[in-house]
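What follows is one structure encoded as structure tokens, with my remarks underneath.
Numbers for residues simply follow the sequence, beginning at 1.
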Amino acid sequence: MEHMKKNDTTIFIGRVFRDWKFAQNTCLTLAEHEIPAIRANAILGLAYIARNKRILEKNLVKPVILRD
């Protein structure tokens, strides 16, 4: 059940959280999670930040997105 909260939180953070850097760093942390669905939604959260806030630290985000 706890992983469901993290999964939902990741998308929420990326979509509506005003502090883009906190949201980005939270998504980057959750992109390392052991559960694949949480990792996937962390990447989705980063996409929301990029689209809605138009800012991300590419040097931190790009390696995570491109990783196998």
Side-chain angles (χ1 to χ4, degrees):
M1 188 66 167
E2 181 65 29
H3 74 277
M4 295 299 288
K5 290 179 186 176
K6 285 183 182 177
N7 205 9
D8 295 339
T9 301
T10 305
I11 294 174
F12 175 78
I13 287 171
R15 289 184 69 186
V16 299
F17 209 82
R18 292 179 187 217
D19 182 348
W20 70 269
K21 193 160 187 155
F22 174 81
Q24 170 195 270
N25 291 339
T26 301
C27 289
L28 287 172
T29 298
L30 290 173
E32 304 297 327
H33 201 276
E34 64 186 34
I35 298 173
I38 293 175
R39 291 194 309 265
N41 281 333
I43 301 301
L44 184 57
L46 290 168
Y48 281 126
I49 297 166
R51 186 171 51 237
N52 295 325
K53 307 294 185 196
R54 302 216 181 265
I55 189 166
L56 280 176
E57 292 176 295
K58 292 179 187 177
N59 60 318
L60 298 177
V61 173
K62 191 173 179 179
V64 173
I65 292 172
L66 296 177
R67 185 178 48 217
D68 289 345

To the nearest 0.5 Å, tell me how far Asn41 CG sits from Leu30 CG.
10.0 Å
Rounded distance [0.5 Å steps], CG in Leu56 versus NZ in Lys21:
11.0 Å
Is there a side-chain contact between Leu46 and Ile43, using heavy atoms and a 4.5 Å cut-off?
yes
Is the shortest heavy-atom distance from the side chain of Arg54 to the side chain of Trp20 under 4.5 Å?
no
Looking only at non-hydrogen atoms, find the nearest pair between Ala42 and Ala31 and report the distance.
CB-N, 3.5 Å
